[in-house]
Amino acid sequence: MNIETERLTLTEFTNDDASFFYDLVNEPAWKKYIGDRNINSIKDAETYLTEKIIPSYQQYGFGFYIVSLKSNNVSIGMCGLIKRDWMNYIEIGYAFLSTYTGKRYALEASIATKNYAKEQLSIHQLAAITNVNNKRSDNLLLKLGFEYNRLISYPGEETKCKLYLEK
């Protein structure tokens with residue numbers, strides 16, 4: 001799987017991406033808005049990729065993709081689709097290294113992912129979950145054509161998140 005935009009390439013994660021993934025999940029914004037995944041080493045990152053990210057490609061035919069700049073092939077973030085056992089929807093999600101935020105890369109990657117979901121995978125309605133305090137993500141989802149639906153909680157957790165659905 002390969003998605004290209006004007007500035008970006010989205011490709012499937014491999015174990016070779018463990019170092020980048022380690023950096024991404026240890027960004028302060030990731031920990032604040034997505035949560036600490038207890039990835040404290042490159043080996044932990046490799047295990048997480050092997051057990052949680054990569055299997056989705058075979059299981060569902062989609063997953064999270066590593067986002068790289070076309071100009072120099074530098075990995076800058078991730079964007080993709082996730083199917084959770086406890087959700088009735090397929091979600092779009094994204095995260096970027098802080099160095100690359102504010103440059104509209106998340107919007108560009110998300111539009112391409114959304115188009116891929118519709119055109120290649122025939123997914124009619126996507127959802128998204130955000131931290132209640134993540135205003136930047138709220139704004140991006142509104143630009144992508146989502147609307148706030150309701151507050152939800154992950155199973156076994158009390159913390160509330162915002163559920164957005166495509167209009």
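Here the structure is a predicted model, which means the values were calculated and not measured. All heavy atoms count here, side chains included; hydrogens, waters and symmetry mates do not.
- In this structure, Y22 OH and S41 OG are separated by 7.5 Å, a value rounded to the nearest 0.5 Å.
- Within a 6.0 Å sphere centred on CG of D85, heavy atoms belonging to other residues, nucleotides or ligands number 12 at most.
- Put simply, the side chain of E108 never gets that close to the backbone of T5: no donor and acceptor are under 3.5 Å apart.
- Rounded to the nearest 0.5 Å, atoms CG (L163) and CG (L151) are 9.5 Å apart.
- Proximity of I3 to N115: side-chain heavy atoms (C-beta onward) are nowhere separated by under 4.5 Å.
- Here the CG atom belonging to D17 is positioned 7.5 Å from the OG atom belonging to S68, to the nearest 0.5 angstrom.
- The CH2 atom of W30 sits 7.0 Å away from the CD1 atom of I39 when rounded to the nearest 0.5 Å.
- Under a hydrophobic-cluster definition in which Ile, Leu, Val, Met, Phe, Trp and Tyr are linked whenever side-chain heavy atoms come within less than 4.5 Å, directly or via other members, I90 and M1 are assigned to the same cluster.
- Annotation: Q58, atom CD; neighbour count of heavy atoms from other residues, nucleotides and ligands within 6.0 Å does not exceed 12.
- Taken to the nearest 0.5 Å, the NZ atom of K43 stands 4.5 Å off from the OG1 atom of T47.
- A 4.5 Å side-chain heavy-atom check between I66 and F21 finds every atom pair outside the cut-off.
- For N38 and Y48, the side-chain atoms include no donor-acceptor pair closer than 3.5 Å.
- Of the possible polar contacts, none joining the E91 side chain to the I82 backbone as a donor-acceptor pair under 3.5 Å is found.
- No path of Ile, Leu, Val, Met, Phe, Trp and Tyr side chains, each step under 4.5 Å between heavy atoms, connects Y33 with L24, placing them in separate hydrophobic clusters.
- Hydrophobic cluster membership differs between L141 and L165, with clusters built from Ile, Leu, Val, Met, Phe, Trp and Tyr side chains linked at under 4.5 angstrom.
- Using a 4.5 Å cut-off on side-chain heavy atoms (C-beta onward), L69 and Y105 make contact.
- The closest side-chain heavy-atom distance from Y148 to L142 is not below 4.5 Å.
- By the rule that hydrophobic residues join a cluster once side-chain heavy atoms approach within less than 4.5 Å of another member, I129 and L126 end up as members of separate clusters.
- Put simply, CD1 on I42 and CG on N15 are 12.0 Å apart, with the number rounded to the nearest 0.5 Å.
- Within a 6.0 Å sphere centred on NZ of K70, other residues, nucleotides and ligands contribute more than 12 heavy atoms.
- Listed for the K143 side chain is no donor-acceptor partner under 3.5 Å among the backbone atoms of L107.
- Partners of E12 according to the salt bridge (charged side-chain N to carboxylate O under 4.0 Å, His left out) rule, which considers only residues two or more places apart in sequence or in another chain, do not exist here.
- For the ring pair (Phe, Tyr, Trp, His ring centres under 6.0 Å) test, no residue two or more places apart in sequence or in another chain qualifies with Y89.
- Under the 3.5 Å distance criterion, with hydrogens and angles disregarded, no donor-acceptor pair is assigned to the side chains of Y65 and T9.
- Side-chain atoms of K118 come within 3.5 Å of backbone N or O of H124 as a donor-acceptor pair.
- Within 6.0 Å of the NZ atom in K32, the count of heavy atoms belonging to other residues, nucleotides or ligands does not exceed 12.
- More than 12 heavy atoms of other residues, nucleotides or ligands shown are found within 6.0 angstrom of CZ on R84.
- In terms of modelled atom types and a separation under 3.5 Å, the side chain of S56 and the main chain of I53 share no donor-acceptor contact.
- Ring geometry for F20 against F13 counts as parallel: the plane angle stays under 30°, on a 0 to 90° scale with 60° as the upper cut.
- V74 has its side chain within reach of Y100: a pair of non-hydrogen atoms, C-beta onward, lies under 4.5 Å apart.
- Using a 4.5 Å cut-off on side-chain heavy atoms (C-beta onward), K83 and Q59 make no contact.
- N134 places no side-chain N or O within 3.5 Å of a backbone atom of T130 that could act as its donor or acceptor partner.
- I123 and M87 fall into different hydrophobic clusters, where Ile, Leu, Val, Met, Phe, Trp and Tyr side chains are chained together by heavy-atom contacts under 4.5 Å.
- Residues I92 and S110 have side chains in contact (heavy-atom distance under 4.5 Å, counting atoms from C-beta outward).
- Counting only heavy atoms from C-beta outward, the side chains of Y94 and T113 never approach each other to under 4.5 Å.
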